[in-house]
Engineer: 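This is the structure I want to talk about, given as C-alpha cells.
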Amino acid sequence: MTIPTPLEGDYDYIIVGAGTAGCVLANRLTEDPKIRVLLLEAGKSDNYHWVHIPVGYLYCIGNPRTDWMMKTAEEPGLNGRALVYPRGKVLGGCSSVNGMIYMRGQAADYDHWRQLGNAGWAWDDVLPYFRKSEDHHAGETALHGVGGEWKVSKQRLGWDILEAVQDGAREFGIAPRADFNDGNNEGSGLFEVNQKGGVRWNTSKAFLRPAIKRPNLRVLTEAHTDHVVLEGTRVTGVCFTHKGQKTLVKASAEVLLAAGAINSPKILELSGIGRPDVLNKHGIDVRHMSAGVGENLQDHLQIRTVFKVKNAKTLNTMANSIIGKARIGLQYMFTQSGPMSMAPSQFGMFTKSDPAMATPDLEYHVQPLSTDKLGDPLHPYPAITVSVCNLRPESVGSCHISTSDRQVQPDIQLNYLSAAKDRQVALTSVKQVREIMTATALKPHAPEEMLPGPEAQSDDALLSAIGDIATTIFHPVGTCKMGTDDAAVVGPDLRVRGLEGLRVVDASIMPKIVSGNTASPVIMIAEKAADLIREAH
C-alpha cells in the first residue's frame, strides 16, 4: 500500500491507532470530503508477507515487526506463570495477526450492555452495524449483509477428524449449528473466517486502502503517541514522536483513541487522565480524575487439552517431513488452500457448563494438530487439540502504567482464575472435554489424553494441571469501560466522561466481555462510533 503525499495543516479529527477500530474510523469519517483526518500508527505498514498468509500468525506473534511484544504479570492462578501477550503493532492492528475467526457473540451480551445503562447498545441496536460492513459468503439476509468491506468466508479445507468430533459432541447434546452469528451461538460447526480467496482479510485492506488516496486523510506510520493535549477540560490535540522528533498536532473537533485495551488506558494515564494514586506514583500530574481507567480488564482464558488419535490425518503427520512441508507449500502457492490457509482454529462448539444457564458460557476451539504451546514444533504423533474457554469470566484484572516512560509496557494483571466460579467452570469444562472424547463416534480414533494428562483426576490435581497449561486467546477488553456509573471511563456516546474533545473507540470500552471472539465486535463499535461522531458535529 503506497501512502500518498501527506495532508498538512490542521485536522478535524486525530485517530490514535490504525488497528481494528482505527482503520474503520478513518474510512467512515473521510467519506465526508470536508472532514480532515490524521491517523497515527506506532507500527509499520502491513506490507509483510506473513500478515497475509493465514498461517503467518505464527510468525507475526512474537515478532517485533508486527507485535508489541508484551507479557502479563506473573499469574497466581496459572502457578506463577507470565504469559506472552501479543498485540498487533502494524496497520490493521490485531486484525493483522489474529485468528481470523468471524464471531459476533450473543444477543444477550449486548442486551446486557443496555441493562448496564448503555442506551443504544442492545442487540437490535448493534445488529445493523454488524451488517453494514459485512460481505457474507452466503448472501444477504435479515441477519447478514453483502457488499460491505468486511469479508466473511468459508474455510478452504476440511478434516475428517473434526467431523468425528462433531458427531461425538452430538451424542452429548451439542447439535450442529449452521450459523454462529445469529445471536445464539449454541451448537457446533466450522468457523467462518475473515479471508478472501484463502488470504487474510484485515481492516487495513478492508477499510484503510479504499480511503488512503482521499485527499482529506493523512496516515503516519511509526508515529508513537506520547500523550493527548489538555487545555482545561478539553482535549485539543496529540503529542507524538516520529523518527525521533516530537510533534504536537491539533484537532479542532475530537481526538479518537483507538489504541486497544492495553494501550488506550496507557495513553490516558500518560496524559494525566486516570486514578490519582496511579498517576502520583509515577510523578504524573492529575489533569482529570477517572477512577476506571485501566480497571475492569477481562480476557478469555483457554485450556488446551491434547488427545493423541489413531486412523486420522492431522497436521502433525502431514508436516513432519520436508516432503510433507513442500506439499503444503505448493498447495497454497497454486490454490490458496490447504493447511497454510488455516485459521488457528477450524472447528468450534458453544455449550453450557451448567444446563440451568440461559445461554452458552463455553467456547471450544478444536484443531487437527497439537504442540506443547503456540509456536512450538508440532508433536511427532497424530493428535488434536480441544481448547475450551470460559466466555464470561468473573475474574477481573487491571492494566496500569509502570513508569512515566512511554517506551515501557504497562503492568498487565489479568488475575486469571481468581474467582471461585471461574475455577469451577474450568474444572467442569475439562471434565466435559474428557466425556466428549469417550463418544462412540470417536472410538475408531481411540483418543488418548496427553494434556492435562489422565493422572490429573482429583479436583486439586486437575486445577493445578490447568494452571500449567491454560493460556490466553488474546481477547483483552474493558479497561476504559462504557457506562454511567462512577467507574465508567466513557459514556454510551464513547466520550470520556468529564472531558470534551476525546473519545475512546476500541475493545477497551466493553463493559463486559462478549461471548466469543472480539475482532468483529470492535469493528461494530467503530461503525457505531463513526455515526455518533458525525451526528455530534
Side-chain angles (χ1 to χ4, degrees), residues 1-52 65-66 88-97 129 132-135 145-152 194-197 199-225 237-238 240 242-243 247 249-259 505-506 519 522-523 525-531 533-534 537:
M1 178 168 57
T2 302
I3 298 176
T5 304
L7 172 70
E8 302 290 356
D10 297 327
Y11 300 93
D12 299 297
Y13 297 94
I14 301 171
I15 303 168
V16 177
T20 305
C23 290
V24 179
L25 289 171
N27 181 301
R28 296 303 186 221
L29 293 177
T30 57
E31 287 174 343
D32 183 343
K34 298 176 184 177
I35 292 176
R36 295 164 61 90
V37 174
L38 173 63
L39 177 61
L40 300 174
E41 169 55 41
K44 298 180 180 180
S45 166
D46 62 336
N47 184 21
Y48 180 56
H49 64 287
W50 286 126
V51 167
H52 308 292
R65 168 68 176 79
T66 49
K89 186 182 181 183
V90 60
L91 288 181
C94 289
S95 76
S96 295
V97 302
Y129 290 105
K132 178 179 180 179
S133 54
E134 191 177 27
D135 188 15
V146 295
E149 295 82 358
W150 196 228
K151 295 192 178 297
V152 181
N194 297 119
Q195 294 181 5
K196 180 183 179 182
V199 177
R200 176 189 293 274
W201 193 250
N202 62 359
T203 58
S204 175
K205 291 178 188 175
F207 295 93
L208 188 56
R209 289 188 186 186
I212 198 72
K213 293 183 180 178
R214 293 174 185 164
N216 55 335
L217 174 63
R218 179 185 182 187
V219 180
L220 197 60
T221 56
E222 299 182 76
H224 295 263
T225 295
V238 172
F240 66 92
H242 182 246
K243 296 183 178 178
T247 301
V249 64
K250 293 294 188 78
S252 62
E254 295 185 29
V255 172
L256 309 172
L257 277 188
V505 185
D506 54 37
V522 169
I523 291 173
I525 288 168
E527 288 278 25
K528 183 171 173 64
D531 274 3
I533 292 162
R534 286 186 292 231
H537 295 280

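Being a predicted model, the structure only gives us computed values, none of them experimental.
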Engineer: Does Ser95 reach the main-chain N or O of Ser204 with its side chain, forming a donor-acceptor pair under 3.5 Å?
Structural biologist: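 Side chain of Ser95 to backbone of Ser204, a donor-acceptor pair under 3.5 Å: no, none is there.
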Engineer: How far apart are the closest heavy atoms of Tyr11 and Val37, and which atoms are they?
Structural biologist: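 In terms of heavy atoms, the two residues are closest at CD2-C, 3.7 Å.
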Engineer: Is there side-chain contact between Leu25 and Ile533, with at least one heavy-atom pair below 4.5 Å?
Structural biologist: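 Of all side-chain heavy-atom pairs linking Ile533 with Leu25, at least one is under 4.5 Å.
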Engineer: Would you indicate whether the side-chain heavy atoms of Ile14 and Leu256 approach each other to under 4.5 Å?
Structural biologist: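 Sidechains of Ile14 and Leu256: no contact.
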Engineer: If you round to the nearest 0.5 Å, how far is CZ of Arg209 from SG of Cys23?
Structural biologist: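 Output value for this atom pair is 10.0 Å.
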Engineer: Just to verify, what does Lys250 make a side-chain hydrogen bond (donor to acceptor under 3.5 Å, both in side chains) with, not counting sequence neighbours?
Structural biologist: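 For Lys250 the side-chain hydrogen bond (donor to acceptor under 3.5 Å, both in side chains) partners, ignoring immediate neighbours, are Glu231.
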Engineer: Atom OG1 in Thr221, atom CD in Glu41: separation rounded to 0.5 Å?
Structural biologist: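 Result: 8.0 Å between the selected atoms.
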Engineer: How long is the span from the CD atom in Glu31 to the CG atom in Asn216, to the nearest 0.5 Å?
Structural biologist: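 Those atoms lie 10.5 Å apart.
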Engineer: What are the two closest heavy atoms between Asn202 and Trp150, and how far apart are they?
Structural biologist: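 For Asn202 versus Trp150, the nearest heavy atoms are C-CZ3, 3.6 Å.
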Engineer: Among all residues two or more places apart in sequence or in another chain, which pass the side-chain hydrogen bond (donor to acceptor under 3.5 Å, both in side chains) test with Trp201?
Structural biologist: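 Not a single residue meets the side-chain hydrogen bond (donor to acceptor under 3.5 Å, both in side chains) criterion with Trp201.
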Engineer: Measuring from Glu134:CD to Tyr129:OH, what's the distance to the nearest 0.5 Å?
Structural biologist: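 The OH atom of Tyr129 is 15.5 Å from CD of Glu134, to the nearest 0.5 Å.
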Engineer: If you take all heavy atoms of Gly88 and Cys94, which pair is closest and at what distance?
Structural biologist: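 Reported closest heavy-atom pair: N-SG, 3.3 Å.
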Engineer: Identify, with sequence neighbours excluded, every residue that meets salt bridge (charged side-chain N to carboxylate O under 4.0 Å, His left out) alongside Glu527.
Structural biologist: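 Checked Glu527 against salt bridge (charged side-chain N to carboxylate O under 4.0 Å, His left out); matches are Arg28, Lys132.
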Engineer: Which value, rounded to the nearest 0.5 Å, describes the distance between Lys205 atom NZ and Leu91 atom CG?
Structural biologist: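 Reported to 0.5 Å precision, the distance equals 12.5 Å.
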Engineer: Any salt bridge linking Asp531 with Lys528? Criterion: basic side-chain nitrogen under 4.0 Å from a carboxylate oxygen.
Structural biologist: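 Looking at Asp531 and Lys528, the cut-off is not met.
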Engineer: Between Val505 and Val24, is a side-chain contact (heavy atoms from CB on, under 4.5 Å) present by the stated rule, with each step listed?
Structural biologist: CA-CA 10 Å; Val505 185; Val24 179; over 6 Å; no
Engineer: Under the rule for side-chain hydrogen bond (donor to acceptor under 3.5 Å, both in side chains), what residues qualify as partners of Lys89, not counting sequence neighbours?
Structural biologist: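 Counting only residues at least two positions away or on another chain, Lys89 forms no side-chain hydrogen bond (donor to acceptor under 3.5 Å, both in side chains).
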Engineer: Ala253: what forms a side chain to side chain contact (heavy atoms under 4.5 Å, CB included) with it, not counting sequence neighbours?
Structural biologist: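 For Ala253 the side chain to side chain contact (heavy atoms under 4.5 Å, CB included) partners, ignoring immediate neighbours, are Asp12, Tyr13, His537.
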Engineer: Report the residues that fulfil side chain to side chain contact (heavy atoms under 4.5 Å, CB included) with Val90, sequence neighbours left out, ordered by chain and then residue number.
Structural biologist: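 By the side chain to side chain contact (heavy atoms under 4.5 Å, CB included) rule, Val90 matches Asp46, Arg65, Thr66, Ser96.
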Engineer: Ignoring hydrogens, what is the shortest heavy-atom contact between Ile15 and Gly22? Give both atom names and the distance.
Structural biologist: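 Nearest heavy atoms, Ile15 then Gly22: CG2-CA, 4.0 Å.
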Engineer: If you define the side chain from C-beta out and look only at heavy atoms, does anything of Val238 sit under 4.5 Å from Leu38?
Structural biologist: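 No; the side chains remain at least 4.5 Å from each other.
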Engineer: Quick one: list whatever passes salt bridge (charged side-chain N to carboxylate O under 4.0 Å, His left out) with Lys151, sequence neighbours left out.
Structural biologist: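 Per chain and number, Lys151 pairs via salt bridge (charged side-chain N to carboxylate O under 4.0 Å, His left out) with Asp135.
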Engineer: Check side-chain hydrogen bond (donor to acceptor under 3.5 Å, both in side chains) between Thr20 and all other residues, then give those that pass, not counting sequence neighbours.
Structural biologist: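 For Thr20 there are no side-chain hydrogen bond (donor to acceptor under 3.5 Å, both in side chains) partners, ignoring immediate neighbours.
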Engineer: Taking only residues two or more places apart in sequence, or in another chain, which ones meet Asp32 in a side chain to side chain contact (heavy atoms under 4.5 Å, CB included)?
Structural biologist: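 In terms of side chain to side chain contact (heavy atoms under 4.5 Å, CB included), with neighbours along the sequence ignored, Asp32 is linked to Lys34, Ile35.
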Engineer: Output the distance between atom CZ (Arg534) and atom CG (Leu29), rounded to the nearest 0.5 Å.
Structural biologist: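 Reported value, rounded in 0.5 Å steps: 6.5 Å.
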Engineer: Checking Ala211 now: which residues fulfil side chain to side chain contact (heavy atoms under 4.5 Å, CB included) with it, not counting sequence neighbours?
Structural biologist: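 Asn27, Thr30, Arg214, Leu217.
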